[in-house]
Structures are given as C-alpha cells and as structure tokens.
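What follows is a single structure, written as structure tokens, with notes after it.
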Amino acid sequence: MPEPRSPLGQPLDRADGVAKVTGRAKYAAEFAPPDLAHAVVVTSTITRGRVTACDTAAAEKSPGVLAVITPRTVPAMKAVPADLLPKGRPPIELRPPLADEKVSHFGQAVAVVVADTFERATAAAARVRVTYQADEPALTLEEAEPTAFEAETFVGREDLKHRRGDVARALAGAAVKLEAVYRTPVEHHNPIEPAATIAEWDGDSLTLHDSSRWVHATRRVAAGVFGLSPEKVRVICPFIGGAFGSKGFTWQQNLLAAAAARHVKRPVKLVLTRQQMFTLAGRRPETKQAVALAATKDGGLTAVRHATMSETSPLADFVEPCGTLSKHLYSCPNVEVTHRVVRLNRSSPVFMRGPGETPGSFALESALDELAVAAGIDPLVLRLKNHADRDEEKDRPWSSKHLKECYRRGDERFGWAKRDPKPRSMRDGNLLVGWGMATAAYPGIRMEARAKVRVTADGRAVAASAAHEIGNGAYTVLAQIAAAALGLPVDRVRFELGDSDLPFAPATGASQTTAAVGSAVTAAAVEAMAKLVKLATTDKASPLFGIAVDQLAAREGKLVSRADGAKADAFSDILRRAKLKGVEADATAAPGEEKEKFSFLSTGAQFVEVKIDPDLPRVRVTRVVGVYDPGAVLNPKTARSQMLGGILMGLGAALLEETVYDGRGLVVNPDLADYRLPVHADTSDIDVSFVNEPDRHFNPVGARGLGELGISGIGAAVANAVFHATGKRIRDLPITPEKLL
Amino acid sequence: MTPFDYTRAEGSAAAVKQVSGSAKATFLGGGTCLIDLMKLHVENHDLLVDITPLPLDRIEATAGGGVRIGANVRNSELAHDATIYKNYPALSEALLSGASPQLRNMATVGGNLMQRTRCPYFRNGFSPCNKREPKSGCAAKDGYNRSHAVLGVSEHCIATHPSDMCVALIAFDAVVKTHGPKGERAIPITDFHLVPGDTPDRETVLEHGELITAVELPAAPWAMRSHYLKVRDRASYEFALASAAVALEVVDGVIKTARVALGGVATKPWRAADAEKSLVGQKPGAPAFAATAEMATKGVAPRQFNGFKVALVRRVIVRALETVAAMK
Amino acid sequence: MSPDQDIDSAADRREFMEGVAVGGIGVAFAAALPITATADEPVPPARGPGQPVPVKLNVNGTDHDLKLEPRVTLLDALREGLHLTGSKKGCDHGQCGACTVLVDGRRVNSCLTLAVATVGRKVQTVEGLADGDVLHPLQLAFIKHDAFQCGYCTPGQLCSAAGLLKEGRAKSDDEIREEMSGNICRCGAYPNILVAVREVRQGALKEKP
C-alpha cells in the first residue's frame, strides 16, 4: 500500500482563506458586546515637559460623553510586570499609561475620552485643552551621544558585546581596508489594522479582544496592572491584521481600554488612529553603524568591526541589535561588535521585522560590497571565499546550513555571471541598470510552547495552542503539523489559537511559531496517538490486539499494522468501542541540549536588479531573486508569501520608508500618504525559492522559520545595485531621488 | 468631525443661497479633501450642502471649439473622456497620476480646484500655521520642509499646492465658471489661485458661497502635443515632488507656441510664462529646453530640505519638453 | 472541490461580468444601533447642528433604516451600525484603501464618504461579493494564489479588483498594478494579487462571445 502523501510540504490553501475573503474573519475591533462605548486618546503636542493643566470641561459637556480620563482620574494601575521574559527585563514601557503628568515624547497619551459613539468621542477629544510646561528635549543621536550607554544583551537572548582576536592590529596591517558609517532611519510597522482593543469587565473578570500577538503575556500584563489573578483575565485574538513586531506584550491601548471600561462601567472599544500608530505602538529605532573591514589581497576577511549606536525612549529600554550577524556570518579571526544606546525624546521603540538583522545587514552587506569593489573581487565570490563553515562566535557547528547552495542557485536564477562589474556599464535604453546582491540570515529560535490535541470519535482532531494568526499561516501550517503527526488528512484537523485560555505559546515573533508551537503540537499528537494505540492493542475486538507499538503506523485516520496492511483499525472505531468521545493529550516542547551543541542559522542569497533614469533618479526595482535555506518548508505556498512580504518590506525600507522627526521632535509624516509604504506599482518580478533541507537538530519537523529571513539583506542588495548602476554609494536609507541627483 | 447638518442641493441658486447665508456652511463635492480635513479638525463646518446631485456632470464641446467640463465631473471620468484624452492629453495624464482609482472616482473637478495643501504643520491642527490660523506663524519655514514650495512663497507660508489637475488646466488657459451671491463670473485660472503673500488663509479669489459650476478649456490645437510628467518617491498614489505640464507647437522647425506649468514646487499651480516666451522662435532641442528650465526656476527660494526640488524640476521640465518635441 | 474547479465554474456565471450580483445575504440589524440617538443618552443641546437623521442604506441588496448623525461615514455606518465589519478601517483618511466598497458599482473609499450621502445609491461590500455560498471568482482566485496574508486589506483589495474588472481598462500587468495601487498591503501580497486579478480577468474575457 503506498504511503499517503504527508500533509507536510504541501502547498495547501490557507485554512482561514474563506473567512478572510468573505469578510467573516473577525479582528479585535470587530466584536460587538452590548452597550459598547468608544474611547479616543488625546495625545501630547510637545516633546518633553509636563502637563500643567488639562481643561476637560468642554469635552465633558460634549454630547454623549461618558468620561474624560486624565492622570488625576484614571483608575489605579500598577507597573507592568517586569518578568515577562525568561531572562532580562522586557524592552517595553513598564509605566502604565496616564501614570503621571510627565511628557517624554510627542504624541504621548495625556487623556482618554469615552463617549457613546465613535464620532462623539472623537469630537470631544478635540475639545480637551491641555497646557504644558515644555522642557528642552533630546532629539538627535549626535546631541545625545555623550550620554550613551553600552548594551550587553538583546532581550537576554543574544550577547551584544563580542570580541575575538585583535581587530585593531588586523586593520592596521590590512592589504585592503574599508571603514564607513551607515545610517538607517526610524521606521514604523504600520500594519494595516491599527492596534485595537475591546475591554469588558464582569465584576473583577476582564475580557480583552485585543490585537495581541502574545495573548498570554497580554493576560499577565493586564492581571498585574489591575491586580487580578491571571485566571480572571482572558485575552482573545483570532486574527491580527498584521503586526511585524508591533502588537506584542502590551501597548497602551489595551490598558487604557481596560481602565476606561472600568471607569465607565461599560465595555469600551479603543482603536488607535493611524496618526497615533506613529507614537503609541512601537517603531524601529534609528541606527548609526560604524563598520570597519580588513582583508587580504585576495579578499580573505581578517577583521570585522561593527559598532552600533541606536536610540530608545525615556520610558523603555530597547536596543537595535545590528551587530549580531557580524559575529558569525563570515569566517574571520578578528571580530569586535558593540552596541551603544542613547535616550531621545521619542516614543518607545520595539522589535520590527528582523530587529538588528534588517539595519545591521544593510551596514555589513553594504560594507562587504564596498570591500569587494576595493579589492577588485566579485561580491559573490567574496562571500563564498569567507563562508563560515562553523559558528566561530560560539565555536560550534551549525545544525544545518546550505548557504553555498543558496548562492549557487541564486547566481544561476539571476544570471549574475553576465554582470559587468564596472559601475554605470549596464544599460536598458536610456536607463542605468544595476545588479547587487547580499547575504540574508536570521537565527533559528524556538522557545517553550505547549499544545493540546484531541482526536474525536468522528475521526477528526482539534489541536490548540495560544498561538496567533498574523498572516503567518498559523491556522494552516499548525494543522498540517498536527495532521502529519496524527496520520489524518489535513481537512479533518482544525487548529484553534488566539485565546489565552488555550495552552501557553510564546509571542508570535522571532520567526518561531512553526518551530516552537509546531514542536508542542507534534509532542501532544504523539501522546494522543499513544492513548489510541493503547486502546486498540489492549482491545480484543481490535484487529490490532496484541501488536507491539513499534509495529503500528497511523495513516488516513487509521492505525495500521506495518507488517500486514490489511490489519487496520480506524480511530473512530477504536473510540466507539471504548465508548469514548475522544482522547486528548497535552504536551510541552522546549529546546533541549541541542541548544548547546549547535548553532542555528537560516540563510539566503538576495539578488536585486534596479533601473534608474539618470536624469530623474527614482530607483525602480525590476527584479529580485531570493534563494533561502530556512530548513524544511512545510507549506511552500504560505512560505513563499512570507518571503515576498519580507522582501517587499525590505524594498520599502531601502527606497521609501522613513519616519521624520523635525527640529522640535514632532513626527511630521504620521500617516500613510507621507510615510510611504510600497504600493502595487512599486513591485515587479520577484522570484522566491528554497533549498528545503530539514534541520533535524532543531526540532522534529526540521523547520527553523522564515518570517524575517526575507527582509534580511534586501537593503544592502538594493544599495549595492544602486552603486553598480550609478557609481554612487548611498550609506543612509532610504535611497530617495535627492540622494542621486 | 464636529457635528454638522447635511443637505442636498436643489439647484445651483439654492445651494449658493444656503452656503452664502451661513459663515460656517460649505459645499460638499467628492469629499476627498473636505472630509479628510474635517476629520483632522482643520476644517469645521456647521452645514454641508451636497452639490453632487446638481446637473453639473457633463463634458461638452463649446461653440468656440473648446470643451466645457461640469464642476461635478469626477476625475476618473474626465481622465478617460475621449475628447480630453485626444485633445488635451496632459490633462488626462495629470488626472491619472493623482491619488488612486477610488479617490479619482470620488473627486470632482470643482473640488480639485479647491484642493488644499498637504503641509504637515497645516494638517496637524496645532503647529503655528498662518494658513490654518492667521497670524500664528509658520512652522514649516524652519521645520521639515522637504515637500514644500520653492516658488511663490512668502515669509508667511511655503505650503505647496498639491493638485496635478490644476497644473494641466493652467497650461491650457482654462477658465473657471462660477455662480456666486453676486451672480455669475468667469475667472481665468491664472487668476483663480492666490500666492500666500501675507494672507495665506486666502487661497482662491472665490467669495464665500461662490459655487464653481464648470471649467472651460479654450480651443487649442497645439494642446494635442502636450504631456504631464510627475516625479515622486513611490511609483503611484503619491503627491508630486515635482511635475510639469508642457505643450509645444512647432511650425517649420521653430517653436510657435509653448506652455510650461509646474506642480509640486509652488504655492499655487504655477505657470512659467517667461520661460514659455523664451521658447517661442527657438528650435526645439536641449539648449533651448535647458535655458527654459533655468528661466522657469528664476527667483526660487529653497529652504533646508527642499533645495533638491530646484534641480529636480528643471530636469522634469527638460524631459517633458523633450517628450513633447518627439511626439508625432 | 479544488479551488481551480471553483474558478472555472464560477467564471461561467454571466452575472460576474456585470460586476457583482446582489443577493439577499445582507442581514438587517436595524435594531439597537450604537450610533443612533437612543432614549437613555444625555439630552443633546436643543438645536445644535448635526442631529441624527433617518438614513436608508441599501447594502448588498438589502435596505437598512438607520438614524445617523450626518457626520457618520459610510465606513463607520457599515462597521458600527450594521456590524458589516468586512470593510476595514486602516487609516480613515483615504490613504490605504482598506475601506474600499462599490457605490453604484464604482469603487470608492468609504472612510471619506458620508453615509447620508449614499442614500438612494447601492452599496456593495465584501460581504456581498459571494452569491450565497458560491464565492466570487476573485475570492476563489485570491485563495488559490495566496493573495493575502493577514487578511486585513483583503476586502478592500477584492472590492477594488471588482471595480477594476468592471471598469475594464487595466489589461497589462503594469496596468493592473497601477490600477490596484490605491490598496496598500503591508504583508506584501502584491505579486499574488496581480496573478489572481489577471487570472480572473482572463477568465472573464474568455466568456465574452
């Protein structure tokens, strides 16, 4: 009997596809508890200082207004719990919103207006008159540099200080040397769904419909802040309209909604405006990165120095870990990586897709291109020459790494061999053509997760964990994993997620949902299967009675004897005879000793073609080829989509995106007209492919994750292509027309 | 939005009476600019008189061989109108380069004439802005002014006029027809918009309650050889960094008629009349076009972040003229 | 049933060429509207502007009698008043396209449209694209080509694409890209949306006699 095809590796349509194309998928703001009131946040118009007066009289008299909440009237809130992560303080604001009248950035929440309708709340919010005493703010990296402090780790997970060998000596004696400073601006996640919460109290129980990509943490935060036991809080989020690093832990809208609901004793909905998404929902910090590279005449790296300066807010400790890849992406005996941070009067930064890798790879991979030019070596050859065969930072082997294969296939698919290395040498009619490439990399990360699996007497199964559907395909891929482990067709498995009442899952971030939650799902499925096997093999009525466990396989909803395929027992029959509605198991999966034996890194090769009108120098990306090694690809259809998303966000960062703070610290482009996200017309031919080699050291399904791999290296690949097209090296993103005039 | 009443116009005269009768009333066309600014509380009105039911939605030939465009004609309809497409191609191109298909389905010709600036300090509702709140100052002059104007500025305002359509209209000598409390009038479009001077809050010559009923394009055979070129960061759905609507009539190898109008760089739709004159009698080609571009940007007043627009708009002018010169 | 079969069979339906069929799947929620003036609300100023007015909205073929302040946008009337939350609010200023709906068959941004201004017009939202349980060819093609990730911009993309097909002007890939540029997708599904729209357009063309 032929083995049925495993659901793993199949390009299945999304399990939530129909819900999403019919408008039935419900996002946080779309639940409708009775008597729902609407809250609108009033934000500061100064950058630093304090509120000296808040005149709420006109707002309170506005029609339909239920309350105007200020630091003086806000219900009591404690600090956000500081122990949300296994190690280290969470990099977010622990100060609850409206805790005091200090203003530390433009657009900070200073009051909340609650009214019976959205229109009335919005109009009344405009009638709150706030008076400030303004103090001198810290506005730029340069100004604040004397107060910089050194960062030791990134969320307790990754060392940010690394030294091996003697970089200074290697640089001093180098045959080829490159020193340059690269800059990246503040970027905003700008998911199209704004951060949103509906808060509803029932006595001292709190339900939050919240756009949270970590419902368990949001529950702990709300419980801690409002002094409740966690069981009293339920956080529900079946769909998130994009996150990209935002919407994790807690942001002010969920606590403000809960406080407002408690205050007015009605369910309250609070949705940030798009403008407020620029000051109340996280962002990527600005970076300034000094990179020094030294090499032998034939391009062998002898020194890498990567010194990063990034900024955080007065209210949170976040560092953009730009140098993490530089520690181990290439083979090099002398390496020095440091990170310094300054505090600016800006809103709090946080993770954004490829935190560190995105701006860091722009600097490192641009520098490598500059080194290749200086040494007269092809950029791809330079990278192959310096390939890291093992992790030289931790001095241990990679679990699985196929970067050379990515380079090889990318080279071929793109046609890199036809590249004339001379800048301005390639043309398409009047247009300058540039080809650039870069390496992509993102670590394999998985944290502890728990899942449950229930096989039911109708021959179906439900698997569940408090994971999140942010567009990652969690409903689809996690059901595939459960189906594979249970030997069930995937259309008979349903996955449940997005509810803090479900078993613990980590944040949907660090590209780990498939790896972390998928491992727990596999473990729970194995245990559920063990129960079924025991029922069958101890039941005299079963054709499988007495057969040893290791002689059984599960396929197509049946247990089957490996020796004799005719001997089979359907799950539904086993359960029916046992008079059970189902068997259920739950299990926790966490990384084990493999963590100390191997290093885990997903890699890829990015190739970009740009075309530039020399007189009207807007950069058009006409072709992208990306070849990636994220381990096993469990669903090529959704996996490809995630890579497209990473690439396109990378193109946005390379050419368009920049949050601008003016000389007073105001965000001057807080909307989607002036903060430029790529549109349809900005996209062209994108070719994504995978090496697809399972990483068996990492987890049972061999998948390291790919949510952030696609964006890594794109910025540099574009900048390198722009250099090739124009002869101009742009070291500060985005590459806007004026930089090429 | 602050609360307002809504009514549908029952005839132009009635609409004019309704709006002119109340200082806080205004006309509602497609709403793409007005509702946006009302949501920001930059504009507040007590009464919106919806003029879209008025029969001002026709595009028809005039006796003089030109075209009369009703004020309620939607941008998408005008852009795809066969006559406009053939006889005034730069207008079609300008319209299609603006906003998005959805917004073009909503926005009207009259509304587009009344479009207001994208200056972030005007829009944020609280920064000093002489346009929003006379005598409060101008935060843009020494603020972030990448998008701002280099032509037609004053010490009180450097806000850019955002329209694409108006740039083409001004190149074609359009005339704005209105119906106001004092009767009807015809306003040449060059006179319609005002430079800020010391009253940046006054953006057009319209009186309160004066309704735009139509725009007339005079007959202009040379307009068939016209082109609108727009440069922006994104490939679509973005306001111009610099744009130009140009037209050339070449007879016996010599330029007889020229039009150069600019967008994205000036405080009103900008007609570079001197530059046009300098082209007349010249042979089309790089030397003449470069000199014209130079002349069109005479008197520019760049600020900290928008200096690049001077070089950029010169190149836009040259490229647009080259494109038109190469047309059959 | 595979998505491919769905597309072929659905493309056979002639009414698809007419834009979108309107069915009786809209559900009336006229009662207990949160945005109506109700008895227990504080008494508003006696004669201030902006008092709620009766508004009859025709959405997806069903009439709804609402009482709305004139300042309520079509988007908020749909989402808050009728609980038709398929139309999305992404920016509320006409800068993202997530709120795109069809009014009298033309795509518009419902966030910049006053609900009261659509009285007497036919509004169609993503909830009205399917014919009962039979999905619109665009919906099927979006699923087949994975033309979305988080799904939040998707209803706007679909309504916009329906409008594009009805307009009938966008033919080449570049034209489709340009004509879909009023709908921003932060997840980066553009290449897949292009393939989906192109496929439906070509399928529809084949049907022409």
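For clarity, every value in this text was computed on a predicted model and none was experimentally measured. Naming convention: chains lettered A, B, ... in sequence-line order (proteins, then strands); numbering from 1 in each chain.
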**Inter-chain contacts: residues 109-118 of chain C against chain B, heavy atoms under 4.5 Å** =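 Answer by number: C:N109, C:C111, C:L112, C:T113, C:L114, C:V116, C:A117, C:T118.
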
Separation between [atom1] of [X] and [atom2] of [Y], rounded to the nearest 0.5 Å:
X      : Y      : atom1 : atom2 : result
C:R106 : B:S76  : CZ    : OG    : 4.5 Å
C:E179 : B:S236 : CD    : OG    : 8.5 Å
B:L37  : C:H93  : CG    : NE2   : 9.5 Å
B:D5   : C:R71  : CG    : CZ    : 11.0 Å
B:E238 : C:S181 : CD    : OG    : 11.5 Å
B:N105 : C:T100 : CG    : OG1   : 10.0 Å

If you count heavy-atom pairs within less than 4.5 Å of chain C, which of [options] leads?
options                    : value
B:R74, B:K24, B:R8, B:M38  : B:R8
B:L40, B:L28, B:D50, B:L47 : B:L40
B:T32, B:L34, B:L103       : B:L103

Please look at [X] and chain B and tell me whether the side chain, the backbone, both or neither of the residue comes under 4.5 angstrom of a heavy atom of that chain.
X      : answer
C:V103 : neither
C:R169 : side chain
C:C96  : backbone

Side chain / backbone / both / neither for [X] at chain C, heavy atoms under 4.5 Å:
X     : value
B:D46 : both
B:T2  : backbone
B:L48 : side chain

**Request:** Name, in order of residue number, those residues of residues 77-99 of chain B that have a heavy atom at a distance of less than 4.5 Å from a heavy atom in chain C; otherwise write 'none'.
**Result:**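 Near chain C, by residue number: B:E77, B:H80, B:L96.
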
**Asked** Hey, is CD on B:E10 packed in by over 12 heavy atoms from elsewhere, all under 6.0 Å?
**Response**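 Atom CD in B:E10 is not packed in, count stays at 12 or less.
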
**Request:** Could you tell me which non-hydrogen atom of B:P3 sits nearest to which non-hydrogen atom of C:P49, and how far apart they are?
**Result:**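 Closest approach of B:P3 to C:P49: CB-O, 3.3 Å.
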
**Request:** Please report the shortest heavy-atom distance between C:E178 and B:A235, naming the atom on each side.
**Result:**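 The answer is OE1-O, 4.2 Å.
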
**Prompt:** Given side chains that start at C-beta, do those of C:T73 and B:M1 come closer than 4.5 Å, heavy atoms only?
**Reply:**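 Heavy-atom side-chain distance check passes, below 4.5 Å.
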
**Asked** Among side-chain atoms of C:Q95 and B:D36, is any donor-acceptor pair under 3.5 angstrom?
**Response**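 Side-chain D/A pair, C:Q95 to B:D36: absent.
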
